[in-house]
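First up is the structure itself, then whatever we jot down about it.
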Protein chains: 2
Amino acid sequence: MTRTRLTAAERGEQLTGAAVQAFAVSGYAGTSTDDVARLAGVSQPYVIRLFGSKQRLFIAAVEHAATRIEQVFRDAAERSADLETLGEAYDELLAERDLLALLLHGFAASSDPVIGSAVRTCFGRIYRLVRELTGVDATEARDFLATGMLLTVLTSMQVLGPGAVPPEPWMAEIADSFEDPCAEPEPGGQPG
Amino acid sequence: MTRTRLTAAERGEQLTGAAVQAFAVSGYAGTSTDDVARLAGVSQPYVIRLFGSKQRLFIAAVEHAATRIEQVFRDAAERSADLETLGEAYDELLAERDLLALLLHGFAASSDPVIGSAVRTCFGRIYRLVRELTGVDATEARDFLATGMLLTVLTSMQVLGPGAVPPEPWMAEIADSFEDPCAEPEPGGQPG
DNA sequence: TTGACATGTTATCAGTCGATAACTACTTTG
DNA sequence: CAAAGTAGTTATCGACTGATAACATGTCAA
């Protein structure tokens, strides 16, 4: 079986996807470039040659995830440009677990100045996009993203989502609080 | 200069503190047991002998941080048992940056089943405590913790807090939204 | 066809890390 | 004082990692 040959650009895209998957599980320091290489079916040194360093590979993955998140929000806003619809879009993002998990690992890896800078830029773009798409003020956008962060963290902790552990009472309580529409304190706002 | 000799219990506590500091910066995979050892002024093998493994050291640090967070909330509730007061307590937690940063790294490291289990238990305890101290319902407690998660993430990203980078416009906008009391959508609720 | 370029691989290395083992030194107790 | 327990060290190992260099293989234009 001969290896399928791709252009450098194509291979780069494929590797970025593999990097999103791999880094989403174990984070920057916990994932080896060989993990990414195996996932994509190429050798580890080739990954380094294409991206220059592990750091640049990670940043490429974070930016890819952020771009995808923005796209999901944009698509949702095309249906209806309010926070409630964007909140529904969050369900799609939670289904693609990798995106938010990777972003969380990016936040955590922000003590590295280069990674931190890239991650802040991505987060800032998402915040701005939410405000522009829906026209809400800073406080509403902040509360929207706050709930999003909690959902992201709960998913990473495997309290919510596909890979969730058997729920303890407090987990079920929180999960229910997201699904009960009557419990919303203000009409049309929170993701979930 | 002779090394100060401590009992195993004392040294263990000191090492747990050092572990909180060290793991808060670079996370589980990104921090070596030698980093923790140097911070405490002992040799690396001794750290392993006292805690058995790096994993157990990390879990000890996470549980220590969670316990401290609970204590801050309890102290605040003794002044006044409502969410607003607990929100003020959050400022103390943000000042002790390590605690929340470490917890965030714990969330991110939850793909390890042993760590994940410990982290979920800690989070569940904090959630329960917030509800018990204030008597709020699940939705209010969830929104409180959601804002807390956003604050934690923003601090880790160095958007807020002592080590923050020079603020870009969107950062100032979010920071302001926390300080403006008039912008609160519902009276007395969010941390910050 | 041939040669230049692009796509990949294997071999290898220097550094790091968690963990074990064996040894040392201090303290307490009888 | 001696012996036993406690606190801590140095030496060392095997595994892993990111990165470099050299080599191989496939593709396409002249």
Side-chain angles (χ1 to χ4, degrees), chain A residues 1-62 105 109 111-115 118, chain B residues 1-62 105 109 111-115 118:
Chain A
M1 169 202 174
T2 321
R3 278 268 167 276
T4 48
R5 230 177 118 101
L6 303 181
T7 67
E10 287 170 334
R11 190 64 82 184
E13 283 181 31
Q14 184 213 358
L15 275 170
T16 302
V20 169
Q21 272 189 258
F23 283 124
V25 177
S26 305
Y28 178 62
T31 306
S32 69
T33 54
D34 195 49
D35 291 337
V36 178
R38 281 173 200 276
L39 205 57
V42 298
S43 66
Q44 177 265 337
Y46 192 41
V47 174
I48 296 296
R49 255 238 311 246
L50 285 181
F51 285 85
S53 70
K54 182 187 183 180
Q55 192 185 64
R56 279 204 275 272
L57 174 65
F58 183 74
I59 290 175
V62 167
H105 279 291
S111 60
D112 178 309
V114 180
I115 293 177
Chain B
M1 168 203 175
T2 321
R3 276 269 167 277
T4 48
R5 230 176 118 102
L6 303 181
T7 67
E10 287 169 335
R11 191 62 84 185
E13 284 180 30
Q14 185 212 358
L15 276 170
T16 303
V20 169
Q21 272 189 256
F23 283 125
V25 177
S26 305
Y28 179 62
T31 305
S32 69
T33 55
D34 194 49
D35 291 337
V36 178
R38 282 173 199 276
L39 205 57
V42 298
S43 66
Q44 177 265 335
Y46 191 41
V47 175
I48 295 297
R49 255 237 311 244
L50 284 180
F51 285 85
S53 70
K54 181 186 184 180
Q55 192 184 65
R56 279 203 276 271
L57 174 64
F58 183 74
I59 290 175
V62 167
H105 280 292
S111 60
D112 177 309
V114 181
I115 293 177

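Source: prediction; values computed, not measured. Each chain gets a letter, A, B and so on, in the order its sequence line appears, and its residues count up from 1. Atom set for the values below is all heavy atoms of this structure, side chains included, hydrogens, waters and symmetry mates excluded.
Between B/A61 and B/A19, the shortest heavy-atom contact is CB-CB, 3.9 Å. Of all heavy-atom pairs between A/S26 and A/H105, the closest is C-CE1, 3.9 Å. Nearest heavy-atom pair across A/L50 and A/A8 is CD2-CB, 4.2 Å.
Atom CD of A/E10 and atom C1' of D/dG26 are 15 Å apart (whole Å). In this entry the distance linking CG of A/D34 with P of D/dT20 reads 16 Å, nearest Å. Separating the CZ atom of B/R5 from the C1' atom of C/dT28 is a distance of 10 Å, rounded to the nearest angstrom.
Which of C/dT10, D/dA11, D/dT6 sits closest to the side chain of B/P45 comes down to D/dA11. Comparing D/dA19, C/dG18, C/dC26 against the side chain of B/I48 picks out C/dG18 as the nearest. Among the nucleotides C/dA19, D/dG18, C/dA6, the one closest to the side chain of A/Q44 is D/dG18.
Under 4.0 angstrom from either OP1 or OP2 of C/dG8 there lies at least one side-chain N or O belonging to A/R11. Within the 4.0 Å cut-off from OP1 or OP2 of C/dG8, at least one side-chain nitrogen or oxygen of A/Y46 is found.
Not counting sequence neighbours, the partners of B/E10 by the side-chain hydrogen bond (donor to acceptor under 3.5 Å, both in side chains) test are B/T7. Partners of A/T31 under the side-chain hydrogen bond (donor to acceptor under 3.5 Å, both in side chains) rule, at least two apart in sequence or in another chain, do not exist in this structure. In this structure B/R49 satisfies the side-chain hydrogen bond (donor to acceptor under 3.5 Å, both in side chains) test with no other residue, sequence neighbours excluded.
Within residues 49-62 of chain A, the residues that have a heavy atom under 4.0 Å from DNA chain D are, in order of number, A/R49, A/S53, A/K54. A heavy atom closer than 4.0 Å to some atom of DNA chain D occurs in no member of residues 12-33 of chain B.
Within the structure, ring pair (Phe, Tyr, Trp, His ring centres under 6.0 Å) pairs that include any residue of residues 24-52 of chain B comprise B/Y28-B/F58 (at least two apart or interchain).
Judged purely by atom type and a 3.5 angstrom limit, A/S111 uses its side chain to pair as donor or acceptor with the backbone of B/V25.
Between B/L57 and B/F23 there is a side-chain heavy-atom pair separated by less than 4.5 Å.
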